Protein chains: 2
Amino acid sequence: MKTKRQVQKEATRLHILETAYQIYAEEGFSATTNQIAKAASVSHGTIFVHFPTVENLIVCLLDDFNAEINGQLHGLSEKNEQLETFLEAHINVLIRYEAFYKRLISEVNSLPQEAKFVFINMQSIVSFHFNQVIERCKNEKTVKEIPMHIIFNSWLGLVHYYLTNSYLFTEGSVLTEYKEELICNFIKLIEK
Amino acid sequence: MKTKRQVQKEATRLHILETAYQIYAEEGFSATTNQIAKAASVSHGTIFVHFPTVENLIVCLLDDFNAEINGQLHGLSEKNEQLETFLEAHINVLIRYEAFYKRLISEVNSLPQEAKFVFINMQSIVSFHFNQVIERCKNEKTVKEIPMHIIFNSWLGLVHYYLTNSYLFTEGSVLTEYKEELICNFIKLIEK
DNA sequence: CATTTCGTTGACTCCGCACTCAGTGACTTT
DNA sequence: AAAGTCACTGAGTGCGGAGTCAACGAAATG
């Protein structure tokens with residue numbers, strides 16, 4: 001049985017993480033602990049009660065994010081799906097977290113090493129599912145004979161390019177707006 | 001006729017820009033004016049004699065870089081070149097500035113707005129040359145019927161993806177190591 | 001009810017940043 | 001050669017960041 005205190009503490013911790021997620025999505029990872037504290041309506045010191053350093057806060061946040069994304073991608077490739085359905089599902093997941101994901105991919109390189117590892121892990125899960133779907137397509141001989149990793153990197157490269165340069169394309173959600181175009185043309189590229 | 005002083009001043013300015021280029025390539029744009037001053041063996045204040053703010057220093061640096069890249073790309077598409085030759089030339093230019101270019105593409109979003117404009121300009125020059133070559137290929141019916149901008153964005157997306165995630169692929173120069181693979185497979189993707 | 005525990009607070013310290021400016025001496029001008 | 005100019009200097013300033021800690025009071029304990 002949890003005491004009132006324990007419940008409160010966990011709630012505060014979660015609240016800080018959720019607020020940090022929002023702030024980082026809006027401002028990028030250069031946002032300060034001050035901003036987060038203010039937005040979460042807790043004192044500045046409270047953040048350091050729950051997380052020894054900002055780096056630790058970011059790593060915890062990414063761990064949670066990673067788990068969330070994995071949960072959503074789970075079983076995505078097992079239902080004998082079409083490539084098109086799979087790509088659409090992938091984009092749909094990204095749309096749900098678009099603002100944050102965009103910051104993440106364009107700023108990973110300036111994040112702590114540990115955070116980078118979490119990100120790599122995230123990518124490899126996507127890669128795994130992608131692999132399964134493409135292998136199936138290759139067996140059905142509908143896809144060109146091109147190394148798997150090139151196909152995967154082309155897809156992720158294209159999606160990430162639209163995300164990081166979204167200001168070139170639209171003011172709203174690039175993924176929502178270009179989803180069909182991206183999927184349809186990518187399939188045209190890789191099919192025989 | 002230039003006085004000794006003018007010559008000296010211009011030399012110092014150029015020296016600061018060159019040093020900043022080196023430091024930013026190595027450390028990213030979060031490198032400080034202190035680091036640059038130390039590396040250039042000038043006093044900290046000297047930087048602000050030549051550039052009113054760090055932002056201005058970065059914008060001047062990018063202007064120079066932009067001019068340099070443009071110079072190298074100039075006439076690249078006019079010689080009735082093959083697509084393969086063009087892509088290789090493009091990569092070769094990037095290899096020459098790889099470390100800096102890598103920092104640039106992964107940090108533009110956190111650079112001052114003015115710097116972003118210079119970057120957009122750079123991209124559009126590449127796009128222009130790319131366009132010419134692809135249009136020629138389309139006339140020769142060797143390339144799929146896919147919108148020009150998708151082809152261009154796929155290429156740049158792929159190259160940028162390898163650059164920003166270079167730590168996944170190699171410790172040295174990704175472009176040098178994966179040049180052939182990227183070019184050859186990209187051509188396979190877009191050809192009929 | 002008295003005592004102890006502990007989640008929370010916010011004023012505080014320390015640090016490193018961009019940027020300043022009075023001073024200096026080599027160069028330029030007259 | 002005297003007077004004036006100006007590129008360069010580096011200690012100094014103000015600012016805003018991350019992280020600290022004595023103090024508080026509600027919750028837990030006996």
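Here is how names work: the chains are called A, B, and so on, in the same order as the sequence lines, proteins then strands, and each is numbered from 1. Since the structure is predicted, the reported quantities are computational estimates derived from the model, not experimental observations.
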So if I take every side-chain heavy atom of [X] and compare against [options], which nucleotide ends up nearest?
X       : options                : result
A:His50 : D:dA18, D:dC8, C:dT8   : C:dT8
A:Phe48 : D:dT9, C:dA18, D:dG19  : D:dG19
A:Arg5  : D:dA18, C:dC27, D:dA28 : D:dA28

How many Å lie between [atom1] on [X] and [atom2] on [N], as a whole number?
X       : N      : atom1 : atom2 : answer
B:Lys38 : C:dA18 : NZ    : P     : 12 Å
B:Asn34 : C:dC17 : CG    : P     : 6 Å
A:His44 : D:dG19 : NE2   : P     : 8 Å
B:Lys9  : D:dT9  : NZ    : P     : 13 Å
B:Lys2  : C:dT28 : NZ    : C1'   : 17 Å
A:Lys4  : D:dT29 : NZ    : P     : 13 Å
B:Ile16 : D:dA7  : CD1   : C1'   : 11 Å
A:Gln6  : D:dA26 : CD    : C1'   : 16 Å

Toward the 5' end of DNA chain C, by each residue's nearest nucleotide, A:Ser41 or B:Gly45 | A:Ser41
NA contact type, B:Val49, heavy-atom cut-off 4.0 Å: base, sugar-phosphate, or nothing?
->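 It contacts base atoms.
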For the atom pair OH (B:Tyr97) and CG (B:Leu104), what is the distance rounded to the nearest 0.5 Å?
->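 Taking OH in B:Tyr97 and CG in B:Leu104, the distance rounds to 13.0 Å.
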Establish, from distance only, whether the side-chain atoms of B:Gln8 and B:Thr12 form a donor-acceptor pair under 3.5 Å.
-> yes
Is any side-chain N or O of [X] closer than 4.0 Å to OP1 or OP2 of [N]?
X       : N     : answer
A:Gln8  : C:dT8 : yes
B:Thr46 : D:dT9 : yes
B:Thr12 : D:dC8 : yes

B:Thr164 side-chain N/O to B:His160 backbone N/O, donor-acceptor pair under 3.5 Å =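 Yes; at least one donor-acceptor contact below 3.5 Å.
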Sequence neighbours excluded - ring-ring contact (aromatic ring centres under 6.0 Å, His included) pairs with any residue from residues 170-192 of chain B |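 Found B:Trp155-B:Phe186, B:Tyr162-B:Tyr178, B:Phe169-B:Tyr178.
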If Ile, Leu, Val, Met, Phe, Trp and Tyr residues are connected whenever their side-chain heavy atoms lie under 4.5 Å apart, and connections chain through other members, are A:Ile91 and A:Phe128 in the same group?
->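 No; tracing contacts between hydrophobic side chains, which count when under 4.5 Å, never links both residues.
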